[in-house]
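Working notes for the structure below.
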Amino acid sequence: MPELPEVERARALIAARALGREIAGADDRDTYVCRPHAPGEIDGALAGARLVSACRRGKSMWCETDAGPVLGLHLGMAGRIAVDGASEGDPAPVPAGGNPAWERFALEFADGGRLVLIDKRRLGRALLDPDLSGLGPDALDITREQFRARVGRGDAPLKARIMDQAVLAGVGNLLADEALWQAGLPPLRPAGELGDEELDRLRRAVRAAIRRAIRRGGVHTGTIVPHRHRDAACPRCGAPMVKATVGGRTTWWCAAEQGRPAAS
DNA sequence: ACCTATGTTGATAC
DNA sequence: GGTATCAACATAGG
């Protein structure tokens with residue numbers, strides 16, 4: 001589920017509950033999730049240290065430590081963070097019993113508590129000193145000028161453009177559908193065709209959708225999310241919702257308000 | 001049972 | 001360089 005809002009809630013959870021606690025060790029035995037590290041490398045780098053900050057850009061998180069190394073965390077497609085058993089940033093709070101096999105990485109604190117990366121699919125990541133140089137500006141911080149210049153160019157479909165993390169960091173599949181629907185813009189329209197007024201409207205919609213999702217608990221709380229299925233109607237005008245693959249992802253939009261029919 | 005779908009991202013190919 | 005496609009993972013649902 002994790003798009004920017006879920007990641008922000010996870011970051012806030014870490015900031016509130018994990019900073020300053022002595023790390024006794026790390027369980028980094030899952031070498032797929034902790035790649036490119038060998039088992040024991042993260043543990044060796046962090047044992048005895050304390051997290052001093054919890055930061056985020058787009059969907060990437062990282063924690064600085066008083067020992068030097070930075071711990072990078074990414075939730076991938078199904079990851080969530082829990083600290084001492086309390087989870088944030090996901091619709092269904094891990095009911096007491098999420099499968100223990102889904103705990104892919106953990107920081108064990110000297111006080112007995114733990115910070116855990118829970119991830120059914122193992123597409124999340126935990127690693128040292130992550131490279132974040134390829135990320136564009138965070139979707140909540142991007143200025144109007146930056147947004148116009150970075151999003152309003154290229155031949156790629158508008159939706160693919162706003163989901164490109166190098167252009168703008170944080171927007172995923174559901175947020176993209178939500179923001180485009182709120183702004184009344186066609187997902188398939190080439191990004192470079194947009195005018196400044198449309199780009200400003202889209203930026204407002206992206207930021208509003210993100211802030212609302214953070215408040216309400218996740219991207220699944222979006223207005224069109226329940227209407228992303230066959231035979232659904234646009235909750236604003238009643239026209240049929242239509243579907244196509246855009247930028248490699250399933251995309252739903254209002255046939256009337258968001259113009260441009262599905263290509264082929 | 002078999003096939004498809006799933007909130008991400010990276011590596012590849014044109 | 002920009003854009004598109006596929007694969008990585010593991011589960012859930014028709």
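Values below: all heavy atoms of this structure, side chains included; hydrogens, waters and symmetry mates excluded. Labels below follow one simple rule: chain letters A, B, ... track the order of the sequence lines, proteins then strands, and each chain is numbered from 1.
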What is the minimum heavy-atom distance between [X] and [Y], and which atoms define it?
X: A:R50; Y: A:G20; answer: NH1-O, 2.9 Å
X: A:A82; Y: A:I118; answer: CB-CD1, 3.9 Å
X: A:R150; Y: A:V167; answer: NE-O, 2.8 Å
X: A:A169; Y: A:L4; answer: O-CD1, 3.9 Å
X: A:A67; Y: A:A45; answer: CB-O, 4.4 Å
X: A:G172; Y: A:E3; answer: N-OE1, 2.8 Å

| Using Watson-Crick and G-U wobble pairs with both distances under 3.5 Å, what is the 5'-to-3' dot-bracket string of DNA chain B, with [ ] for crossing pairs and | for pairs outside the strand? | .|||||.|||||||
Identify each atom pair where a protein N or O and an N or O of nucleotides 4-7 of chain C are less than 3.5 Å apart, giving names and distance.
none

Distance, rounded to the nearest Å, where [X] contributes [atom1] and [N] contributes [atom2]:
X: A:D164; N: C:dG2; atom1: CG; atom2: C1'; answer: 10 Å
X: A:H229; N: B:dT6; atom1: NE2; atom2: P; answer: 14 Å
X: A:D119; N: C:dA12; atom1: CG; atom2: P; answer: 13 Å
X: A:R230; N: B:dA5; atom1: CZ; atom2: P; answer: 13 Å
X: A:W102; N: C:dC9; atom1: CH2; atom2: C1'; answer: 13 Å
X: A:E103; N: C:dC9; atom1: CD; atom2: P; answer: 21 Å
X: A:R153; N: C:dT3; atom1: CZ; atom2: P; answer: 9 Å

| request: Could you walk me through whether A:L180 and A:W253 pass the side-chain contact (heavy atoms from CB on, under 4.5 Å) test, one step at a time? | output: CA-CA 8 Å; A:L180 289 168; A:W253 69 93; over 6 Å; no
| said: Show every side-chain hydrogen bond (donor to acceptor under 3.5 Å, both in side chains) that has at least one partner inside residues 160-175 of chain A, sequence neighbours left out. | reply: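 Residue pairs with at least one partner in residues 160-175 of chain A: A:K159-A:N173.
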| Would a 4.5 Å heavy-atom cut-off, applied to side chains only, mark A:D141 and A:R57 as touching? |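 Answer no - side chains too far apart.
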| task | Do nucleotides 8-14 of chain B as a string where each nucleotide becomes B, S or -: B if the base has a protein heavy atom under 4.0 Å, S if just the sugar-phosphate does, - if no protein is that close. | result | BS-----
| task | Could you work out the separation of B:dA1 and C:dC9 based on their P atoms and round it to a whole Å? | result |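 The same atom, P, in both gives a distance of 22 Å.
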| Taking the six-membered ring of A:W181, is the NZ or CZ of A:R236 close enough (under 6.0 Å from the centre) and on axis enough (within 45°)? |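 Positive - A:R236 is close enough to the ring of A:W181 and near enough to its axis.
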| request: Report yes or no: is the cationic atom of A:R203 (NZ for Lys, CZ for Arg) under 6.0 Å from the centre of the six-membered ring of A:F147, at an angle within 45° of the ring normal? | output: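 No, A:R203 and A:F147 do not form such a contact.
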| Salt-bridge contact A:D177-A:R249 (side-chain N to carboxylate O under 4.0 Å) |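 So A:D177 does not pair with A:R249 through a salt bridge.
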| request: Under 4.0 Å between any heavy atoms, over every strand shown, what does A:R35 touch: base, sugar-phosphate, or nothing? Just pick one. | output: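 No contact.
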| query | Got a sec, which residues hit salt bridge (charged side-chain N to carboxylate O under 4.0 Å, His left out) with A:E145, two or more places apart in sequence or on another chain? | reply |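 Checked A:E145 against salt bridge (charged side-chain N to carboxylate O under 4.0 Å, His left out); zero matches.
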| Backbone of A:R29 reached by a side-chain donor or acceptor of A:D27 within 3.5 Å |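 Checking the backbone N and O of A:R29 against the side chain of A:D27, a donor-acceptor pair under 3.5 Å is found.
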| Side-chain N,O (A:T250) to OP1/OP2 (B:dA5) below 4.0 Å |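 No, because none of the side-chain N or O atoms of A:T250 sits under 4.0 Å from OP1 or OP2 of B:dA5.
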| For DNA chain C, what residues of residues 133-149 of chain A have any heavy atom nearer than 4.0 Å? |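 Of all residues in residues 133-149 of chain A, none places a heavy atom under 4.0 Å from DNA chain C.
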